[in-house]
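Here is the structure we will look at.
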Amino acid sequence: MSRYRTHLSSELGPHLDGTKVIVAGWIHAKRDLGGKKFLLLRDKDGVMQIVIDREQKDLAEAFYTLSLESTISVVGRVRADSRAPGGFEVVPSSIVIHSLAKAPLPIDVSGKVPADIDTRFRERVLDLRRDEGRATFKILSIALRAIREELYNMGFIEIFTPKIVAAATEGGAALFPVAYFGREAYLAQSPQLYKELLAGAFERVFEIAPAWRAEESDTPYHLSEFISVDIEMAFTNYEGVMNVLERVVARVVKDVRELAGRELKLLNHELQEVKLPIKRIKYSDAVRVLAESGEKIELGEDLSTPHLKKLSELIEEDVYFIVDWPDKARPFYTMPKEDGVFSESFDFVWNYLEIASGSTRVHRKELLVKRLEERGLNPENFSFFLKWFDYGMPPHAGWGMGLARLGVMLTGAKNVRELTAFPRDKKRLVP
RNA sequence: GCCGCGGUAGUAUAGCCCGGCCUAGUAUGCGGGCCUGUCGAGCCCGUGACCCGGGUUCAAAUCCCGGCCGCGGCGCCA
């Protein structure tokens, strides 16, 4: 056929009564009442009803042939009818079958029968056709667009850093090795060092790209491959980039609330408006508040998930920054405070989930070398990075944000995998 | 990696504690039938399952041991 469709379901309505249309999609449901047969045809925007009368022998035959999730195009006319969902239906003159789906389906797409998360990811493409899947990824896409627009508005440009790297950028997290023409190479765990170098050329840069970590982490909030939203900004400090972050987050939430009300309702998620400025709580105050509430915690310790859960209850905030982390707990490129104990750093937290973290970066070479050595790292391995600090590196700061984690905040999902089409973790390499 | 819970038709579940009445129930899907307005359509008939191995017992889906797999919590992870 020369044309698969003339209209999407969202473009149809009773007002098009009598109009000849071609619609296309998946068989969402079939209802056979004998004399009347109803096909529910689903496309990216919704579901529309096709009515077949007993007298239409060819169409009735097609009706019986079609299995759930088969793809078809329907040539027909719109008919306004108050009995039909949405007040209209399509009366077909012909049905073209593009692809017949095998039956029974491995999972129920229509949403009547639930499936375990493991089953759902095994059958991910069918799973994504469900209302929840389409709603989730629509929201995530709105978020991505909002992030980009807001950053562009603030004068950032979008850049790309290499994903095959020679050395661990920061020590710590484990890396996936790559066979690289006989040399030792790895998948990048973070764009950190390269985005700093690019801020040294363009001042304001951002990147939205995958990063890889070969960690043992087995939680609903960790993946081996994840999308990281990173910015780096020259001539500012961590306060400056926190302001950028909260503006981005507020804009994302605003857009999602405005453009995806239907999807939020479907996901049964109440996304609260983000009011600026977002609360900043010092790490040392957070520890003190927790200790006073009876939590076992000492200054210098990282905050665990249970700690963060407790903290958000205690301070009665859904979203907040924890600022001025102990310097020891932060990577070499983080700027220490003058006291030498704390650092110009922050985490952005939603409830108990760390969504982003950032800091002022060290822009003086001597200090970087010293900090590498203090952490037992060899500065020579970082010469590709350090070299440029001899040629006018501006003071700068930046942050990195887990896109799927932001998505958890936006959708209320219980697992970052829900925000990942084909998640990669310790157990999953396919699909 | 540790702790907890679990593994029953394509999918989701009941049954397990207290072994026999399980010829393993239900929903959905699938096959067939009835019905001219369904909208989670309805009604009737049919179809299809106890993770693997060992043990206890007259008898194991059910109890015990081992393994594999999954989920949750924690850990690890700037």
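Keep in mind that this is a model prediction, so the values were computed, not measured. So that the names make sense, note that chain A is the first sequence line, chain B the second, and so on, each numbered from 1.
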TODO: Would you tell me if any nitrogen or oxygen in the side chain of A/K37 comes within less than 4.0 Å of OP1 or OP2 on B/rU36?
DONE: no
TODO: Just compare B/rG37, B/rG75, B/rG40 and give me whichever is closest to any side-chain atom of A/K36.
DONE: B/rG37
Task: Minimal non-hydrogen separation, A/L193 against A/Y333, with atom names - done: CD2-CD2, 4.2 Å
Open item on the list: Between A/D17 and A/R79 (salt bridge meaning N to carboxylate O under 4.0 Å), is one present in this structure?
Closed with: no
Open item on the list: Once you apply a heavy-atom cut-off of 4.0 Å, does A/P85 come out as touching a base, just sugar-phosphate, or nothing?
Closed with: base
- [ ] From the options B/rG29, B/rU11, B/rC30, select the nucleotide whose nearest atom is closest to the side chain of A/I107.
- [x] B/rU11
TODO: State whether A/E418 and A/R120 are salt-bridged, where the test is any N-O pair (Lys NZ or Arg NE/NH1/NH2 against Asp/Glu carboxylate O) under 4.0 Å.
DONE: yes
TODO: Go through B/rA12, B/rG70, B/rG37 for me and flag the one nearest to the A/P114 side chain.
DONE: B/rA12
Look for any protein N or O under 3.5 Å of an N or O in nucleotides 47-49 of chain B and output each such pair with its distance, or none.
none

Task: Any strand: nucleotide that pairs with B/rU38 via Watson-Crick or wobble, under 3.5 Å - done: none
Task: Result of checking A/R428, A/R124, A/R424 against A/R417 for side chain to side chain contact (heavy atoms under 4.5 Å, CB included) - done: A/R428
Task: Integer angstrom distance from the P of B/rC52 to that of B/rC44 - done: 34 Å
Open item on the list: Classify the ring geometry of A/F156 against A/F206: parallel below 30°, tilted from 30° to 60°, perpendicular beyond 60°.
Closed with: perpendicular
- [ ] Provide the Watson-Crick or G-U wobble partner of B/rA49, both distances under 3.5 Å; none if there is no partner.
- [x] none
TODO: May I ask you to check if A/K309 and A/Y352 form a cation-pi contact, with NZ or CZ under 6.0 angstrom from the six-membered ring centre and within 45° of the axis?
DONE: yes
Open item on the list: I want to confirm an ordering. Mapping A/Y221 and A/R330 to their closest nucleotides on RNA chain B, which one lands closer to the 5' end?
Closed with: A/Y221
Open item on the list: Is it true that A/T136 and A/K138 share a donor-acceptor pair across their side chains at a distance under 3.5 Å?
Closed with: no
TODO: With heavy atoms under 4.0 Å as the rule, sort A/D118 into base, sugar-phosphate or nothing.
DONE: sugar-phosphate
Task: Closest listed nucleotide, where the reference is the side chain of A/F38 and the choices are B/rG37, B/rC74, B/rC71 - done: B/rG37
TODO: Using Watson-Crick or G-U wobble geometry with both distances below 3.5 Å, tell me the partner of B/rU28, or none.
DONE: B/rG10
- [ ] Give the nucleotide from the list B/rU38, B/rU13, B/rC74 with an atom nearest to the side chain of A/L33.
- [x] B/rU38
TODO: Using the C1' atom on both, measure B/rC18 against B/rU62 and round to a whole Å.
DONE: 10 Å
TODO: Flag the pair A/R42 and A/E69 as a salt bridge only when some basic side-chain nitrogen lies within less than 4.0 angstrom of an acidic carboxylate oxygen.
DONE: yes
TODO: Searching all strands shown, indicate the nucleotide that pairs with B/rC63 (Watson-Crick or G-U wobble; both distances under 3.5 Å).
DONE: B/rG55
Task: Inter-nucleotide C1' distance (B/rU26, B/rC50), Å rounded - done: 16 Å
Open item on the list: Give me the atom names and distance for the closest heavy-atom approach of A/E215 to A/A174.
Closed with: OE2-N, 2.7 Å
Open item on the list: Need one value for A/R375: base, sugar-phosphate or nothing, where a base atom within 4.0 Å counts as base even if backbone is also close, heavy atoms only.
Closed with: nothing
Open item on the list: Does any part of the side chain of A/D32, heavy atoms only, come nearer than 4.5 Å to the side chain of A/Y64, both counted from C-beta?
Closed with: yes
- [ ] Classify the nucleic acid contact of A/E89 as base, sugar-phosphate or nothing, counting any heavy atom under 4.0 Å across all strands shown.
- [x] base
Task: A/R79 (side chain) and B/rG37 (base): donor-acceptor pair under 3.5 Å - done: yes
Open item on the list: Does the structure show a Watson-Crick or G-U wobble partner for B/rG1, both distances under 3.5 Å? Name it, or say none.
Closed with: B/rC74
Open item on the list: So for A/E215 and B/rG75, does any side-chain atom that can act as donor or acceptor lie under 3.5 Å from a complementary atom in the base?
Closed with: no
TODO: Please report, rounded to the nearest Å, how far the C1' atom of B/rC5 is from the CG atom of A/D116.
DONE: 13 Å
Open item on the list: Please pick, from B/rG72, B/rG1, B/rC30, the nucleotide with the shortest atom-to-atom distance to any side-chain atom of A/D218.
Closed with: B/rG1
Task: Atom of A/K414, atom of A/Y221 and distance for their closest heavy-atom approach - done: O-OH, 4.0 Å
- [ ] Quickly work out the A/F176 CZ to B/rC77 P distance and round it to whole Å.
- [x] 16 Å
Task: Euclidean distance for C1', B/rG72 against B/rG53 (whole angstrom) - done: 27 Å
Open item on the list: Under 4.0 Å, heavy atoms only, any strand: does A/S67 hit a base, just the sugar-phosphate, or nothing?
Closed with: nothing
TODO: Look at all strands and tell whether A/S217 reaches a base, only sugar-phosphate, or nothing, counting heavy atoms closer than 4.0 Å.
DONE: base
- [ ] Give one of base, sugar-phosphate or nothing for A/L68, where a contact means two heavy atoms less than 4.0 Å apart.
- [x] sugar-phosphate
Open item on the list: Can you tell me which nucleotide in B/rC76, B/rC35, B/rG37 comes closest to the side chain of A/E216?
Closed with: B/rC76
Task: A/T119 side-chain proximity, nearest of B/rU28, B/rG75, B/rA12 - done: B/rA12
Task: Whole-Å distance separating the CZ atom of A/R130 from the P atom of B/rA12 - done: 11 Å
Open item on the list: Students often mix this up, so state it plainly: with edges at 30° and 60°, are the rings of A/W325 and A/Y283 parallel, tilted or perpendicular?
Closed with: tilted
Open item on the list: If you assign A/D347 and A/R120 each to the RNA chain B nucleotide with the nearest heavy atom, which residue ends up on the more 5' nucleotide?
Closed with: A/R120
Task: Closest listed nucleotide, where the reference is the side chain of A/V113 and the choices are B/rG37, B/rU28, B/rU36 - done: B/rU28
TODO: In whole angstrom, give me the gap between the P atoms of B/rA59 and B/rG20.
DONE: 14 Å
Open item on the list: How many whole angstroms separate atom NZ of A/K296 from atom C1' of B/rC74?
Closed with: 16 Å
Open item on the list: Can you check the distance between B/rC22 and B/rC16, where both ends of the measurement are the C1' atom (answer in whole Å)?
Closed with: 12 Å
- [ ] Write down the distance separating the P atoms in B/rC64 and B/rC74, rounded off to the nearest Å.
- [x] 29 Å
- [ ] Looking at every strand, decide which applies to A/R83 at a 4.0 Å heavy-atom threshold: base, sugar-phosphate, or nothing.
- [x] base
- [ ] Check every strand shown and say whether A/K427 touches a base, only sugar-phosphate, or nothing at a heavy-atom separation below 4.0 Å.
- [x] sugar-phosphate
- [ ] Would you classify A/A29 as touching base, sugar-phosphate or nothing, given that sugar-phosphate means primed atoms plus P, OP1 and OP2, and contacts are heavy atoms under 4.0 Å?
- [x] nothing
Task: Sugar-phosphate, base or nothing in reach of A/T219, heavy atoms under 4.0 Å - done: base
- [ ] Could you measure between the two C1' atoms, the one in B/rU47 and the one in B/rU11, and give it in whole Å?
- [x] 15 Å
TODO: For A/D302, report the nucleic acid contact type (base, sugar-phosphate, nothing); a contact means any heavy atom under 4.0 Å.
DONE: nothing
Task: Given B/rC35, B/rC71, B/rG10, the nucleotide with the shortest approach to the side chain of A/P106 - done: B/rG10
- [ ] Establish whether the base of B/rU38 is bridged to the side chain of A/Q49 by a donor-acceptor pair shorter than 3.5 Å.
- [x] yes
